[in-house]
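What follows is a single structure, written as structure tokens, with notes after it.
All heavy atoms count here, side chains included; hydrogens, waters and symmetry mates do not. We number each residue from 1, following the sequence as shown. Keep in mind the model is a prediction, meaning the values are calculated, not measured.
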Amino acid sequence: MPQPTRQPQLARHRWQSAVKAVASAVVGILVLSGCQLGKPDTTGPASAAPEVIGDVAAELEPYYAQEVMWENCEEDFTCTQVEVPLDYAEPDGERIELAVIRSTTRGAQGSILLNPGGPGGSGYESVSQSLDAMASDALRSKYNIVGFDPRGVGRSAPVKCLTDSERDAYRAETFDLEIPAGLAAATKASTDFAEQCAKNTGDLLAHVDTESAARDLDILRAIVGNKKLNYLGFSYGTFLGTTYAELFPNNVGRMVLDGGINPANTSEEMTMGQAKGFEDAIRAYVADCQTSNKCPLPGTVDDGVAKIRALIESVEESPLMSSSGREVTVPLFISGFILPLYNDANWPTLTQALTQALQGNPDPILYLADFGADREEDGSYSSNSDFAFNAINCLDYPMPASLDAMRADAAALDKASPTLGRFLAYGGIMCDAWPYDAVREPHEVNASGADPIVVVGTTGDPATPYEWSKALAGQLESGVLLTWEGQGHTAYGRAGDCIGDAVDNYFIDGTVPDDGTRC
């Protein structure tokens, strides 16, 4: 059967699902839904050069001490551009700029820097468009919330690869990876894509790894006037935060990591964890769906899951045609199917989409797939998240590229997740074609000397399985684990007062929650 060569982007949607509210007549509403501070943030348009705080290499001091202009860019927000070195090994060389936005809270006790996930998620968009969804009223009343696009993302020296029309074709393309011709075609497509990214992005493509982004984060800490970094990271943002804590443990202030990623995971372990997580989420969704007389998946849970699998197989064999004339191939179908699984509040939306698809109408599923990819109605794309996702992951994770290893991995994934596993395999094809090798090896991180780091895990999280949060909290010397017994990806902002108050009280008062707290 034809299979997509690229796995659906399972770990990047927290920022998309949390910060966008979408209405559609067909689909309905998508509701994916104690450190000492340095000099206080200014809330006016200009900011003097900050004092260089901490042990900073002499060649990096100009970046930490740069004077930036905070300009009113939107109501209640100020924005600026911050220069960082393209290559930290050559700080006197080329520079790039990071886009930064912050809420302006009168009398704020400092700033919290926020990363909404990814890799490829825009912190700038999260703060500017949906700050209410990312931080509570209590938090926003005490802190300026700072969003930024990491290097390679959005407004910050973005990775560039394809035109919008090329991106449409790329997202929909399928290959039969069980035959040599299909593998050859997939390899060529990945090679062509990588070459386009290298051509259109330039030298930056070698320097969008997470360690470089974490070093940027320390410069941002100084720019907003914090002696220590106050940080809220979701999903991939936990990996960025963990990397920061490893590099700068003495600069860690109040840090909360929601939807933890285990830094010791290999790419194979990451993919397997998600395969199992999404298979469990599908079963939980079906069980919930069957409590309604509108559920299109009757019978037992096994019966309902089998019907979903049969639908996916039918799309593999014969793609559906949307009312707009776009063919809905299985990669697009899987992308749309997965998105509502990130939040159980969106399960009714998935039910509506599956009901229509079973009747031959793929429009709702395509709508969800486009929503997740930031494709607008006019065919344009409002972000480069897919491009950044590939670029960052290929630098962060060595991936198996031998055919035998990938085939063995595909068999294991199919066994672990009969519904989705085969669509998550062969990821090594892309990174094998990438022009730059991975710069990091998976390893445990203890961040010795850091202030308490609060890790939040959700027991039914499909994208960052709960075991990853447990492992992360256990590795970190100062790790504290909060557990939400719920479904969906990440907890803060949707898990109620138990988690919300624990996070808020830590940021506001420095009250460290009890390790092992369950909500």
Side-chain angles (χ1 to χ4, degrees), residues 35-73 77-105 108-115 123-124 127 143-157 203-204 207-232 240-241 243-255 449-451:
C35 69
Q36 295 298 312
L37 301 174
K39 64 181 184 182
D41 294 329
T42 61
T43 56
S47 175
E51 174 189 356
V52 177
I53 301 169
D55 185 13
V56 176
E59 61 269 23
L60 292 176
E61 285 187 6
Y63 294 99
Y64 282 81
Q66 66 185 284
E67 182 175 353
V68 302
M69 297 296 294
W70 291 96
E71 298 180 339
N72 296 322
C73 52
F77 294 99
T78 57
C79 301
T80 194
Q81 298 282 333
V82 176
E83 287 190 338
V84 296
L86 172 67
D87 182 357
Y88 276 89
E90 299 181 2
D92 293 332
E94 185 178 347
R95 299 182 174 201
I96 58 175
E97 290 187 332
L98 306 181
V100 185
I101 187 171
R102 68 178 179 186
S103 61
T104 52
T105 299
Q109 66 184 59
S111 294
I112 295 173
L113 278 81
L114 181 149
N115 182 279
Y124 188 106
V127 169
Y143 282 94
N144 292 334
I145 309 299
V146 180
F148 61 98
D149 286 353
R151 56 173 57 212
V153 175
R155 293 172 169 83
S156 297
D203 293 342
L204 169 74
H207 303 288
V208 294
D209 57 286
T210 296
E211 181 176 327
S212 294
R215 294 186 184 280
D216 294 342
L217 191 53
D218 198 53
I219 292 174
L220 295 179
R221 169 198 61 80
I223 294 300
V224 300
N226 283 2
K227 288 184 178 178
K228 291 192 173 185
L229 175 71
N230 301 313
Y231 178 80
L232 175 59
L240 177 60
T243 303
Y244 179 91
E246 181 179 32
L247 293 171
F248 306 101
N250 294 327
N251 292 356
V252 172
R254 297 172 188 174
M255 177 176 283
D451 285 350

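Taking all atoms of both residues into account, the shortest heavy-atom contact from F77 to T104 is N-OG1, 4.2 Å. Between L247 and A214, the closest heavy-atom pair is CD1-CB, 3.9 Å. Across all non-hydrogen atoms, the minimal contact from P85 to P91 is CB-CA, 3.9 Å. The shortest non-hydrogen separation linking M255 to V252 is CB-CG1, 4.1 Å.
Taking OG of S103 as the start and CD1 of I145 as the end, the distance is 5.0 Å to the nearest 0.5 Å. Here T80 contributes atom OG1 and L220 contributes atom CG; the two are 10.0 Å apart, rounded to the nearest 0.5 Å. Note that CG of L114 is 12.0 Å distant from CD1 of I101, once rounded to the nearest 0.5 Å. Here the straight-line distance linking atom CZ of R155 with atom CG of L98 works out to 13.0 Å at 0.5 Å rounding.
With hydrogens and angles left out, the side-chain atoms of R102 and T78 include a donor and acceptor closer than 3.5 Å. There is no side-chain donor-acceptor pair under 3.5 Å between Y231 and N115.
T210 is linked by a side chain to side chain contact (heavy atoms under 4.5 Å, CB included) to Y236, F239, L240, T243, I392, D396, counting only residues two or more places apart in sequence or in another chain. Under the rule for a salt bridge (Lys or Arg N to Asp or Glu O under 4.0 Å), D149 has no partner lying at least two apart in sequence or in another chain. Under the ring-ring contact (aromatic ring centres under 6.0 Å, His included) criterion, Y88 pairs with no residue, sequence neighbours left out. Residues satisfying the ring-ring contact (aromatic ring centres under 6.0 Å, His included) criterion with F148, sequence neighbours excluded, are absent altogether. Every side chain to side chain contact (heavy atoms under 4.5 Å, CB included) that Q81 has, sequence neighbours left out, goes to E97, A99. When the side chain to side chain contact (heavy atoms under 4.5 Å, CB included) test is applied to D87, the partners found at least two apart in sequence or on another chain are A89, E90, H207. Residues passing the salt bridge (Lys or Arg N to Asp or Glu O under 4.0 Å) test with E211 are R215, sequence neighbours excluded. With sequence neighbours left out, the side chain to side chain donor-acceptor pair (under 3.5 Å) criterion links E83 to R95.
No side-chain heavy atom of V127 sits less than 4.5 Å from a side-chain heavy atom of V146. Within the 4.5 Å cutoff, the side chain of D218 has heavy atoms near those of the Y64 side chain. Residues Y124 and S156 are not in side-chain contact: their nearest non-hydrogen atoms beyond the backbone lie 4.5 Å or more apart. Inter-residue side-chain proximity for Q66 and I223 is flagged as met; some heavy-atom pair is nearer than 4.5 Å. Counting heavy atoms from C-beta on, the side chains of L229 and N251 never come closer than 4.5 Å. Here the side chains of Y244 and R221 are in contact, with some heavy-atom distance below 4.5 Å.
Side chain of D216 to backbone of P150: no donor-acceptor contact under 3.5 angstrom is found. For N230 (side chain) and R254 (main-chain N/O), a donor-acceptor pair under 3.5 Å exists by modelled atom type.
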